[in-house]
Structures are given as C-alpha cells and as structure tokens.
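Below, chains carry the letters A, B, ... as their sequence lines are ordered, and counting in each starts from 1.
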2 protein chains.
Amino acid sequence: MIDYALLLKEHQLKATFQRMQILEVIEKYGHIAIEAIYEEVSRIHSSLSLATIYKNIVLMTQKGVLTEIPIIGEKSKYEIIKDEHIHLICTECGTVIDKMLDDDTAIDTEKVAKTSSFSLEHRQVNLYGTCDHCQS
Amino acid sequence: MIDYALLLKEHQLKATFQRMQILEVIEKYGHIAIEAIYEEVSRIHSSLSLATIYKNIVLMTQKGVLTEIPIIGEKSKYEIIKDEHIHLICTECGTVIDKMLDDDTAIDTEKVAKTSSFSLEHRQVNLYGTCDHCQS
DNA sequence: TCCTTAGTAATAAAAATTATCCATAAGGAA
DNA sequence: TTCCTTATGGATAATTTTTATTACTAAGGA
Ligand SMILES: [Mn+2]
Ligand SMILES: [Mn+2]
Ligand SMILES: [Zn+2]
Ligand SMILES: [Zn+2]
C-alpha cells in the first residue's frame, strides 16, 4: 500500500483527488497505458477528464513519480518508479513482468558506457518473448 | 552500400522507387523517426506521400527489414536490421549510438529469461545519458 | 511488350495528444 | 476554522499523428 499523498508531496506535487485515483490504478495494474488508465478510472472511480490524465501523466513523469516504458509495436505504458529492474514483455498477451537483477544476472552496462565515453543516467532493458502462461 | 533492391526482395517485397528512397534515408541517418524521414525525402529526393512512408515503415518492420526503437520521451526511431547491438541514447542531442556487444560486455539476459520461464525472442537495451560530444 | 496485381498519391477520416480558459479545490496563512 | 492565493481540473477546441479509402500507376513476371 503506497501512501500516494506522501509520494506526491515528496515530489512537490499537490495531492489532488484525481492524481491519487490515477496512481491507484497504475499501482493496481503495475504497468498500464494512458487509454487504459482512463477506462479503468472511468469504470471504477468517478469520471476524470482524459486531458487531466494526460496532463498528470506527463507531469508526474517529469517530477520523477512515474516512468515511461516505451514498447515496440504498442503505446507506452507507465509505472510508479521503484528500484531498478528490467521488463519481460509478452508479445502474446502484452503482460509486462518486472524482473529485479541480482548479482547473478547483473547487466554490465556500466562497462559498455565507459568504453564509449558515455555518461550513463538511465538503463532500459526490455526482453520480448512469450510468458509462462502463454506458452501453454 | 546496401543493395536495397536485394534487401527488399529477400523479404518478399517489391523494390519500388519509394521504398528504396526511404531505405536510403534511414541508412544515411542510422536511426531516424518517421517525420524526419519525410522531411529528408522531400528535401533531397522527390516528394513522397507521408502515407506512403507510414505504410512502408509498418510493412518493412513487419517483414523484418526494419526494426523499431522506442525511446523514452520521444517518437520511435527506425533502423535497418543488423547484428544485435544495444543503443546509447543521448538525452541532450537525441543521437542514437550503436554499441555491439563483445564477450567482455555481454548481457546475460538468457539467464534472466530462463529463471522466469520466459521464452526470449528479442532484446532491447537502451542506455540513456549524455554522449561524448554533449559532455564538452 | 503486355498483363496482372500490388503500390502510390491524394485526401479524408480517425485516433492521439496538447492547448485554452473558466470554475474549483488544495494547502498555507491568519 | 476560515480565508486567500494559486495551482489544478473539466470541457472542449485545436493540433498532431496515424490509418483508411480510392482511383491511378508502376513493378515484375509471362
Ligand atoms: Mn516495471
Ligand atoms: Mn542501432
Ligand atoms: Zn503472455
Ligand atoms: Zn549528445
């Protein structure tokens, strides 16, 4: 259970009813596209303006509350920022699975960046394939 | 110098004048967004319909001639498919730099997928940061 | 060279995103 | 708690991006 009001305030954003509704839906689905947020908010909660959702997704992404997950062949999904992890994206059902990296499965991107004089700020690793469920 | 006509035929696509113009521009820039392809084609070559560019980008991507590179905060870029590599994306100037992976900098994503019962098909690694040039 | 069929241009339509502007609510001050 | 200031939301228009339609045209095989 995330304290949405606190999360927003920590990022210098007012804790409005609408923002908390949006965050609640994103948290519920983990990774979700804008149109889907709109549908879910409209269905479950009161009806927010689509423009409000757009404005807040953009704003919360800028302020570091959310992060965009651009995906090949579909619209970007968004999630609440958390510890670094990579994504397993099922090309059958669209599910996005979080995968934390441990020492065993670390990705040595630091070295890659270093050998290219590239100042690394953010890593984005998407693995596309078929999820456990869709294989059977 | 890529033989565009051959490349297209290898993927069961007719080698039209327009497709070769598009491929030539993509090859020239390496990684490029649709609108930019349109501008460049219109400027340098004859003027192709924007709809033609869209249709062909989609088609050539489906047929495996091109690959989409979705990027946080901007529109997807496209490139001609080549050996697997990752991307260093400069958040200052937008440049996309190819980085081949050698044994030293390999990314052990196989293991990640395996421990998740995930059937891996395609990897997409984007490293965001500041390029050599923009640091000075 | 001729034919068949897929591809293109032009344009309309649809979908996605952003801007505008007035009403409203959040949150700090008193 | 009430009041004030200002950021935010709703409604909607405008813009941008992407897709569909259709008549004409060119690619490539016979
Ligand atoms: Mn995630
Ligand atoms: Mn590349
Ligand atoms: Zn699946
Ligand atoms: Zn740069």
J.: Which residues pass the side-chain contact (heavy atoms from CB on, under 4.5 Å) test with B:Lys14, not counting sequence neighbours?
T.: B:Thr16, B:Arg19
J.: Within the 3.5 Å criterion, strictly below it, is a donor on B:His85 or B:Glu79 matched to an acceptor on the partner's side chain?
T.: yes
J.: Tell me every residue that passes side-chain contact (heavy atoms from CB on, under 4.5 Å) with A:Ala36, counting only those two or more places apart in sequence or in another chain.
T.: A:Ile32
J.: Which heavy-atom pair separates B:Lys9 from B:Ala15 by the least distance, and what is that distance?
T.: CE-CB, 4.3 Å
J.: Going by salt bridge (charged side-chain N to carboxylate O under 4.0 Å, His left out), name the pairs with one or both residues in residues 51-71 of chain A, residues two or more places apart or in two chains.
T.: none
J.: Can you sort out the partners of B:His31 under ring-ring contact (aromatic ring centres under 6.0 Å, His included), two or more places apart, ordered by chain and number?
T.: B:His87
J.: Name the first nucleotide and the last nucleotide along DNA chain D (5' to 3') that come under 4.0 Å of a heavy atom in chain B.
T.: D:dT17 to D:dG28
J.: Apart from A:Ile89 itself, what residues make up its hydrophobic cluster, given side-chain heavy atom links below 4.5 Å?
T.: A:Ile69, A:Ile71, A:Ile72, A:Val96, A:Tyr128
J.: Would you call A:Glu84-A:Arg123 a salt bridge at under 4.0 Å N-O?
T.: yes
J.: What's the angle between the local helix axes at either end of the helix from C:dT1-D:dA30 to C:dA30-D:dT1, using five pairs per end and rounding to 10 degrees?
T.: 50°
J.: Counting primed atoms plus P, OP1 and OP2 as sugar-phosphate and everything else as base, spell out the protein contacts along nucleotides 14-21 of chain C at 4.0 Å heavy-atom distance: B, S or - for each nucleotide, 5' to 3'.
T.: --SBBBB-
J.: Please identify each residue that fulfils salt bridge (charged side-chain N to carboxylate O under 4.0 Å, His left out) with A:Glu74, with sequence neighbours left out.
T.: A:Lys77
J.: With sequence neighbours excluded, tell me which residues meet side-chain contact (heavy atoms from CB on, under 4.5 Å) with A:His133.
T.: A:Cys131
J.: Starting from P on C:dG27, measure out to CD on A:Gln12 and report it in whole angstrom.
T.: 13 Å
J.: Quick one: side-chain contact (heavy atoms from CB on, under 4.5 Å) partners of B:Ile44, sequence neighbours excluded?
T.: B:Glu40
J.: Which parts of residues 13-33 of chain B get close to DNA chain C, meaning a heavy atom less than 4.0 angstrom away?
T.: B:Lys14, B:Thr16, B:Gln18, B:Arg19
J.: Of B:Leu50, B:Asn56, B:Ile57, which is the lone residue that meets side-chain contact (heavy atoms from CB on, under 4.5 Å) with B:Ile37?
T.: B:Ile57
